[in-house]
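Encoded as C-alpha cells, the structure appears first; notes follow it.
These figures come from a predicted structure and were not determined experimentally.
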Amino acid sequence: MYRILCCLCLLVVQALPLAAANDVKTVQGLVGRLLPDYANYFEFRQSKAGKDVFAIYSRRGKVVIEGNNANSMAVGLNYYLKRYCLTTISWYKDDPVEMPATLPVVPQRVEIAARMPMRFFLNYCTYGYTMPWWTWEDWEHFIDWMALNGVNMPLAITGAETPWYNVWRQFGLTDEEIREFFGGPAFLGWHRMCNFDGFMGPLPMSWMERQEALQKKIVARERAFNMRPVLPAFAGHIPAALLKRYPTLQATPVSYWGGFKDPERHRCTFLYATDPMYAKIQRAFIREQTRLYGTDHIYGIDPFNEVDPPSLHPDSLSMLARGIYQSVADVDPQAVWLQMGWTFKHMPYWTNERQRALFRGVPQDRLIMLDYWCENKEMWPKCESYFGQPFLWCYLNNFGGRNRLVAPTDRIFDRIDNVAAQGGTGFKGVGATLEAFDVNMFGFELLLEKAWNIPESLSEWRDNLADRRMGRRDEVARKAYHDYCARVLDVPRGYDRTLLESRPQMKADAVEKPNPARMAEIDVWRQLMQLRGNKDMYRMDVVNVGRQCLADYFYVLWRKFVLAYELYDLGEMQAIGKEMKEVIADAARLTACHPVFSMRRWIDTARQWGDTQEEKAYYERNARRLLTLWVDNLGGINDYAGRPWDGLIQTFYAHRWALFIDTAIGCVAQGKRFDDKAFTQQCYTFEERFCELDIPMLYPPKGDAMTLSRQFYNKYFGENHR
C-alpha cells in the first residue's frame with residue numbers, strides 16, 4: 001500500500017508541471033490567433049495560487065502575465081489590452097483587432113483576483129438568434145473571447161441532437177420519427193426548451209453529423225480554457241411517437257406555445273419523472289452524451305420554459321424536482337442541475353410556495369439558479385435568495401436581438417455590488433442570458449469585469465470605454481461616451497423592436513412608443529460624428545446610434561401620417577409618405593456601412609451548411625423565417641426577432657411600409673376607410689412569400705459610415721430641416 005501511495009503521489013507531482021505547461025500553451029495559442037504579430041512580446045507564467053487571480057508587469061521588453069490557469073491568464077491579457085493598449089477584442093471573428101504600433105509598458109505590477117467563482121454565458125435562444133450557422137472558425141474566436149472575459153460556465157448545447165437521436169433509436173423510434181421530432185436548425189433552441197416539436201423539420205442527418213463534430217471541438221477548447229461546459233440532460237420532453245411504442249407511459253401534452261397554424265401538431269409531450277421510464281431515458285442519454293462529449297457534471301435542465309407544469313401543487317412540484325435530479329445523480333453522482341429563472345418571472349402562478357417546493361426538492365448546493373433578467377427585475381430579493389440554493393445575477397439585454405440601443409451600465413454596476421453585499425452565501429457569480437448577440441457588447445464586458453476585484457468606478461470604466469472606442473485618451477470623446485451611456489443606454493425603456501421593423505398598422509396604441517431619450521440620441525449622434533475617429537468600433541457606434549435616430553424619426557412621421565389620414569388630407573399623406581420611404585431607404589444605406597448589420601452574412605452562412613441547392617434553400621428558409629414571420633400563422637409571434645439590418649430593411653420592411661403607405665393613400669383618394677384586418681392579411685401573404693424564397697434579397701450599395709451619417713443627420717435633424 002505504501003508503495004502504491006508513493007507512486008500515486010509521484011504521478012500527481014509529475015502531472016502538475018504538465019498541466020501548467022498545457023495552460024500556458026493554451027493561452028499562447030490564443031495570442032497566436034488574435035495577435036500573431038505580437039506573440040513574441042508576451043510571456044505567460046502559471047502561478048500556484050489556489051484561486052482565480054492574474055498579475056501583469058513588464059520585464060526585459062516583454063509583458064509578463066501570470067495566472068493560476070489559462071482562463072485567468074486570458075483575463076489578465078484582456079485587462080492589459082483594454083487598459084494599456086486601448087484595444088477591444090470583439091466576439092465576432094470578422095471584426096478587426098486594432099493594436100498600437102508599440103506595446104505599452106506596465107509601469108508597476110498589477111494583481112487582481114476574482115471576487116466570484118462562477119461566470120456563466122449564453123442562452124438556449126442565442127443558439128437560434130445568433131449561432132445556428134456558426135462554423136468552427138466562429139466558435140474558436142468566440143471561445144477566445146469568452147476566455148478573455150473570464151467565462152468559465154458556458155452553455156454548450158451544439159450537437160445535442162446526435163445523442164438524442166441515438167437514444168431514441170434505442171427506444172425503437174424510426175429515423176423519420178426522430179428527425180421530424182427535432183425540427184429545423186434555426187429553431188432547435190425552442191425545441192430543446194420543450195416549447196414545440198417538429199417545426200421547419202425534418203432535421204437533415206448531415207446537419208447532425210456536422211454539429212456533432214463541431215461540438216467535440218467546442219467542448220475540448222472550452223475545457224482547455226478551464227471552463228466547465230454546461231451540457232443538457234433529460235428534462236421530460238419526449239417524442240409523441242414514443243407513446244405508440246409504450247402506451248402506458250405517464251405522459252401529458254404541455255400547454256400550447258407560439259401560435260402555430262396547427263398547434264396540436266407541434267405540441268410537446270412531457271413524461272412524468274415518477275414514471276420508471278424517465279430514469280431509463282435519463283441514464284441512456286447521459287451515458288451517450290458523455291461518450292460523445294464528456295462531462296463536467298453541470299447539466300442544464302429546464303422542464304417548463306413558458307409552458308405549464310402538469311401540476312402546480314407544491315408537493316407534486318417537490319416530488320418532480322426530486323425525481324428529475326435523482327435520475328441524473330443515479331448516473332452521475334457529482335451532478336449539478338442548472339436552471340433558468342426566466343419562467344418563474346414570466347409565468348404569474350409561480351408563487352414563493354411553489355418555487356420553494358421545486359428548488360428545495362433538489363439537495364442543497366446541487367441546483368444553480370440563473371436570476372435571468374436582473375437589469376430589469378431581480379428575483380432573488382423576493383424569493384429569499386432562491387431559498388438557499390446557489391444563484392447567479394444575470395444580464396439579459398435583449399429579446400430576439402431587437403431594440404439594440406440598450407446597455408444599462410449603471411444598473412449592471414450598482415446592482416451587482418448590491419447583490420454581492422446583500423445576496424447571502426448563495427450568491428455565486430454573474431451570467432449573461434442574452435437572447436442574441438448585441439452590438440453594445442461592452443455591457444457584457446462590464447458584467448464579466450464585475451466578477452473581478454478591479455478597482456474602478458463606473459465613471460472610470462466609461463472613460464476607458466471611450467478611450468478604447470477612439471484608440472486615444474480624449475476628454476471630448478469621454479464626454480460623448482458618458483452622454484451615450486447615461487442619457488441613452490441607461491434610460492429605462494422596453495425591449496421592443498422599433499416601428500420600422502414592425503408590421504405596419506394604423507392603431508397608435510398597438511406599437512412601441514418612441515424612445516424617451518430621442519433628443520439625447522440625436523445630440524449623442526452629433527457628438528460622436530464630431531470626434532472623427534478611425535477605429536472600426538467607433539464607426540459602428542456612429543452607425544448604431546444613427547440608425548436608431550432614423551427609426552425614432554420614422555415613428556414621428558408615422559404619427560403625422562395617421563393624423564393626416566384621419567383628417568382626409570391627401571396632399572399631406574403623399575408628402576409624409578414620400579419622406580417615410582426615404583427614411584427607410586436611408587436606414588438601409590446607413591446600416592450597410594458596417595458588417596455587423598448585415599443580412600447578407602446571415603443568409604450566406606446559412607446556405608453554406610447545405611451540400612445541394614435543395615439543402616441550401618432549406619437553410620435559407622430557416623434563416624429568413626426566424627427573423628421575420630417566425631411561425632406559420634398570421635397571429636403568431638411575427639417580427640419577434642426584427643433586426644435593423646441592410647437587406648432585411650431593403651427587401652422586407654421597405655416593401656411592407658410601401659404597401660401600407662400606398663394602400664392608405666389609395667383609400668383616402670377613393671373615399672374608403674383603411675381596413676386593418678385586410679391589410680394585415682396582405683402583409684402576411686407577402687411575409688410567407690418572403691420566407692419561402694419567392695422574394696429575392698436586395699442589398700443597398702455599401703457607403704462610407706461617416707459621410708452618410710453627416711448627410712442623413714443634416715437631412716433630418718439639421719438647422720434647415722422643417
Side-chain angles (χ1 to χ4, degrees), residues 160 163-164 167-168 170-173 181 191-197 231-257 267-290 297-341 343-344 347 349-369 386-387 389:
W164 273 125
V167 166
W168 296 133
Q170 291 175 30
F171 283 87
L173 298 190
F181 168 62
H191 169 78
R192 293 161 180 166
M193 291 187 288
C194 195
N195 292 139
F196 58 77
D197 290 346
L231 300 175
F234 180 49
H237 184 194
I238 61 172
L242 195 67
L243 296 175
K244 299 176 184 177
R245 309 295 194 280
Y246 304 92
T248 61
L249 291 179
Q250 300 173 40
T252 182
V254 304
S255 53
Y256 296 111
W257 188 95
R267 194 177 184 183
C268 295
T269 303
F270 178 80
L271 178 66
Y272 288 88
T274 51
D275 191 297
M277 182 66 81
Y278 192 103
K280 293 178 181 179
I281 294 173
Q282 186 77 271
R283 178 178 294 275
F285 176 73
I286 291 182
R287 283 182 171 176
E288 180 63 13
Q289 179 175 252
T290 302
H297 314 293
I298 304 179
Y299 300 95
I301 309 174
D302 295 281
F304 307 116
N305 181 63
E306 297 186 4
V307 294
D308 300 336
S311 171
L312 285 167
H313 192 281
D315 290 346
S316 297
L317 292 170
S318 182
M319 184 183 302
L320 178 98
R322 282 197 300 272
I324 292 175
Y325 177 77
Q326 195 58 50
S327 72
V328 183
D330 284 346
V331 192
D332 182 356
Q334 302 179 57
V336 175
W337 173 353
L338 184 131
Q339 162 80 53
M340 294 189 296
T343 195
F344 307 112
M347 308 301 271
Y349 49 70
W350 281 106
T351 62
N352 269 16
E353 181 184 16
R354 289 166 177 161
Q355 289 183 59
R356 182 186 292 107
L358 187 71
F359 302 158
R360 299 303 294 174
V362 182
Q364 181 63 37
D365 296 329
R366 292 293 179 174
L367 173 68
I368 301 172
M369 291 300 306
Y386 288 96
F387 310 105
Q389 293 285 21

Of V331, V167, V328, the residue whose pairing with R283 passes side-chain contact (heavy atoms from CB on, under 4.5 Å): V331
Sidechain-backbone polar pair: N305 side chain, N195 backbone, donor-acceptor under 3.5 Å: no
Should I301 and Y325 count as side-chain neighbours, where that means a heavy-atom distance under 4.5 Å? no
Roughly how far apart are L243 CG and I238 CD1, rounded to 0.5 Å? 5.0 Å
Minimal non-hydrogen separation, G341 against M369, with atom names: CA-CE, 4.0 Å
To check you understand the geometry: which heavy-atom pair defines the closest contact between L358 and A321, and what is its length? O-CB, 3.2 Å
Ignoring hydrogens and angles, tell me if any N or O in the side chain of R356 forms a donor-acceptor pair with the backbone of F387 under 3.5 Å. no
Minimum side-chain heavy-atom gap H237-W164 below 4.5 Å: no
Would you call W168 and I281 a side-chain contact if the rule is heavy atoms closer than 4.5 Å? yes
Main-chain N/O of F171 paired to R245 side chain as donor or acceptor, under 3.5 Å: no
For atom CD of Q170, is the number of surrounding heavy atoms from other residues, nucleotides or ligands below 6.0 Å larger than 12? yes
Show the nearest heavy-atom pair for residues L320 and A273, with the distance to one decimal. O-CB, 3.9 Å
Could you tell me whether a side-chain N or O of D275 sits under 3.5 Å from a main-chain N or O of Q250, the two making a donor and an acceptor? yes
Assess whether side chain to side chain contact (heavy atoms under 4.5 Å, CB included) is satisfied between D308 and Y256, documenting all intermediate values. CA-CA 9 Å; D308 300 336; Y256 296 111; over 6 Å; no
Would you check if the distance from the ring center of F344 to the ring center of F359 is below 6.0 Å? yes
Hey, does Q289 have a side-chain heavy atom less than 4.5 Å from the side chain of P232? yes
Nearest-0.5 Å distance, OG of residue S311 to CE of residue M319: 9.5 Å
Are Y278 and F234 an aromatic pair, judged by ring center distance below 6.0 Å? yes
I need the Y386 OH to L367 CG distance, nearest 0.5 Å. 10.5 Å
Answer yes or no: is there a side-chain heavy-atom contact under 4.5 Å between W350 and L317? yes
Note, I324 side chain near P303 side chain (heavy atom, < 4.5 Å): yes
Counting C-beta onward and ignoring hydrogens, is there a side-chain heavy-atom pair between F304 and P310 closer than 4.5 Å? yes
Short question: side chain of D302, backbone of M340 - any donor-acceptor pair under 3.5 Å? yes
Pairwise distance CD1(I286) to OG(S327) - rounded to 0.5 angstrom: 6.5 Å
Any side-chain heavy-atom pair from Q389 and R366 closer than 4.5 angstrom? no
Given 3.5 Å as the limit, does a donor-acceptor pair link the side chain of T290 with the main chain of R287, or not? no
How long is the span from the OG atom in S316 to the OH atom in Y272, to the nearest 0.5 Å? 8.5 Å
How many angstroms lie between atom CD of Q282 and atom OH of Y299, to the nearest 0.5 angstrom? 8.5 Å
Using every non-hydrogen atom in the two residues, find where R267 and D197 come nearest and quote the distance to one decimal. O-OD2, 3.6 Å
Please state whether the rings of F181 and H191 are parallel, tilted or perpendicular, taking 30° and 60° as the class boundaries. perpendicular
